[in-house]
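The chains referred to below are lettered A, B, ... by the order of the sequence lines, with proteins before strands, and numbering in each begins at 1.
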2 protein chains.
Amino acid sequence: MDIESMCSRKSEKSYKKGETIIQEGDSIKEFTYLKSGLVKLYRKSSGDREQIICFALPLDFVSLLSIFSEEKYNYSVTALLDSVTCSMDLNEVKMLANQNGRFATGIMQKINRATDRIILDFLEVKQRRLFGRIAYILLYFSKVIFKQQTFELPVSRKEIAEYIGMTVENVIRTLSDLRKDGIIKIYGPTIEIVDMERLERISDLS
Amino acid sequence: MDIESMCSRKSEKSYKKGETIIQEGDSIKEFTYLKSGLVKLYRKSSGDREQIICFALPLDFVSLLSIFSEEKYNYSVTALLDSVTCSMDLNEVKMLANQNGRFATGIMQKINRATDRIILDFLEVKQRRLFGRIAYILLYFSKVIFKQQTFELPVSRKEIAEYIGMTVENVIRTLSDLRKDGIIKIYGPTIEIVDMERLERISDLS
DNA sequence: ATCAAGGCGTGATAATTATCATAACGAGAC
DNA sequence: GTCTCGTTATGATAATTATCACGCCTTGAT
């Protein structure tokens, strides 16, 4: 019994871009992963601001934090692109995990990998400044998410700001500066990385 | 078979304050938790700086990130106080987890709780500025680690800086400012929180 | 069509933080 | 002992980032 086969007999749900999949405070009843699309995991912080924790791609678990240890979600999930999730009853998953060690360690490994990734990315972002952070997230979208030099940004400038921990104005300004320096091109919502090496250097040099 | 009983027949090691328990890059052969003392988990970032990921208390796992998913540690662990660790052979733990679902979910739950804690603390720190961050970490030491208003700081100012992502000078300056405002007292390495409410207000107001 | 709201973009200014310099002090090496 | 070296400490200055203010454009509601 693996995730794939379990999923086949479980419930799929579709979400339009912008729809909320999980609301902070919801009780955790299902174990969910993303089948297609792109979502953001985020948290409401004091003063009605939001902090984006990470983005999740197809086959990533959406049930990460708090699952198996809390009763209620301490983060929200919203679709950035039209998305399909696959959910299984959490109690069934827990029972299965208790009965089947291999299944349990499989899940464990996958969740750990995801949370490790979050922590390591936080550290990467933290050691950079504005320019380095913007370069880092552009490279992230280009290399990890879209695997292309030209892509349509699935997030607003505000959401970038919420991920890297800066203000919207500075995100916008920095993108403009990168454009003025000929490192990227901006066509409305799509971004083209023109000078990949220079962007990488900026990301490395903080 | 639970962690406690498994530990009883496994190897304990003692470390003096300052000794390194795990070195980034070491291959992961054991599953380790802290029996007594206090340690820091940290990572070397570019430019021989270090970033502290978290602190671990007795009964916390020291094997967190990368374990079960990587072959080598991507972080280091060093004792901040004299510490004793308890280690089990990782392959044995994996085998046991594969055979025993309850054991596996138990570990899973504990690791998840720890990594969740790290992520949530990162978010808390991230949304604050210098003063708020210093207040937050002082409250953390006071409430979580020592459960006292007066305690001996187990970390240097530099290490505080490495945790909250600021410079040493600003950490020192901010502690001085809090002292001048009568919120804390500093006797060499020990700190007394005089005005807990004010410190909490500073932590909340960022 | 018109209005309101929100995202994008830019400039001026203020606040925050980093960097550089310097000094006192204690611990460990020799 | 004495000499480093690292930590704590403080000030002056520079760099970075946030805040405020404004205008443009698009989208959705009425």
Does [X] reach the main-chain N or O of [Y] with its side chain, forming a donor-acceptor pair under 3.5 Å?
{"X": "A/Asn112", "Y": "A/Gln109", "answer": "no"}
{"X": "A/Arg157", "Y": "A/Glu169", "answer": "no"}
{"X": "A/Arg133", "Y": "A/Arg128", "answer": "yes"}
{"X": "B/Ser76", "Y": "B/Glu24", "answer": "yes"}

Are [X] and [Y] linked by a side-chain donor-acceptor pair shorter than 3.5 Å?
{"X": "B/Thr85", "Y": "B/Tyr33", "answer": "no"}
{"X": "A/Glu124", "Y": "A/Tyr136", "answer": "no"}
{"X": "A/Thr167", "Y": "A/Asn170", "answer": "yes"}

Rounded interatomic separation in angstrom, taking [atom1] from [X] and [atom2] from [N]:
{"X": "B/Gln127", "N": "D/dT17", "atom1": "CD", "atom2": "C1'", "answer": "18 Å"}
{"X": "B/Arg49", "N": "D/dG6", "atom1": "CZ", "atom2": "P", "answer": "18 Å"}
{"X": "A/Phe131", "N": "D/dT16", "atom1": "CZ", "atom2": "P", "answer": "9 Å"}
{"X": "A/Glu50", "N": "C/dG6", "atom1": "CD", "atom2": "P", "answer": "13 Å"}
{"X": "B/Lys17", "N": "D/dT7", "atom1": "NZ", "atom2": "C1'", "answer": "13 Å"}
{"X": "B/Arg128", "N": "D/dA18", "atom1": "CZ", "atom2": "P", "answer": "17 Å"}
{"X": "B/Arg129", "N": "C/dA18", "atom1": "CZ", "atom2": "P", "answer": "12 Å"}
{"X": "A/Met166", "N": "D/dA15", "atom1": "CE", "atom2": "P", "answer": "18 Å"}

Rounded distance (nearest 0.5 Å) linking atom CG of B/Leu178 with atom CG of B/Leu138
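Here the rounded value is 6.5 Å.
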Kindly indicate whether a cation-pi arrangement holds for A/Lys40 with A/Tyr42, taking the cut-offs as under 6.0 Å to the six-membered ring centre and within 45° of the axis.
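Here A/Lys40 passes the 6.0 Å and 45° test against A/Tyr42.
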When you measure from the centre of the six-membered ring of B/Tyr140, is the NZ or CZ of B/Lys147 under 6.0 Å away and within 45° of the axis?
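That pair does not qualify as a cation-pi contact.
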Summary of protein contacts for nucleotides 23-30 of chain C, nucleotide by nucleotide, where a base hit scores B, a sugar-phosphate-only hit scores S (4.0 Å, heavy atoms):
--------
With A/Lys158 via salt bridge (charged side-chain N to carboxylate O under 4.0 Å, His left out) - residues at least two apart:
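Result, salt bridge (charged side-chain N to carboxylate O under 4.0 Å, His left out) vs A/Lys158: A/Glu162.
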Report the residues that fulfil salt bridge (charged side-chain N to carboxylate O under 4.0 Å, His left out) with B/Glu200, sequence neighbours left out, ordered by chain and then residue number.
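Counting only residues at least two positions away or on another chain, B/Glu200 forms a salt bridge (charged side-chain N to carboxylate O under 4.0 Å, His left out) with B/Lys143.
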Give, ordered by number, those residues of residues 171-179 of chain B having at least one heavy-atom distance below 4.0 Å to an atom of DNA chain D; if nothing qualifies, reply none.
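DNA chain D contact set from residues 171-179 of chain B: B/Ile172, B/Arg173, B/Ser176, B/Arg179.
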For DNA chain D, which residues in residues 148-160 of chain B have a heavy atom at a distance below 4.0 Å?
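Those residues are B/Ser156, B/Arg157, B/Lys158.
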Start at the 5' end of DNA chain D and walk down; is the nucleotide closest to A/Asn170 or to B/Glu169 reached first?
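Residue closer to the 5' terminus by nearest nucleotide: B/Glu169.
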Hey, what's the ring geometry for B/Tyr163 with B/Phe55, parallel, tilted or perpendicular (30° and 60° as the breaks)?
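Tilted.
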Which pair of non-hydrogen atoms, one from A/Thr78 and one from A/Gly18, has the smallest distance, and what is that distance?
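Closest heavy-atom pair between A/Thr78 and A/Gly18: CG2-O, 3.5 Å.
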Please give me every residue in residues 180-192 of chain B whose heavy atoms get under 4.0 Å of an atom in DNA chain C, ordered by residue number.
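Heavy-atom cutoff 4.0 Å gives no residues at all.
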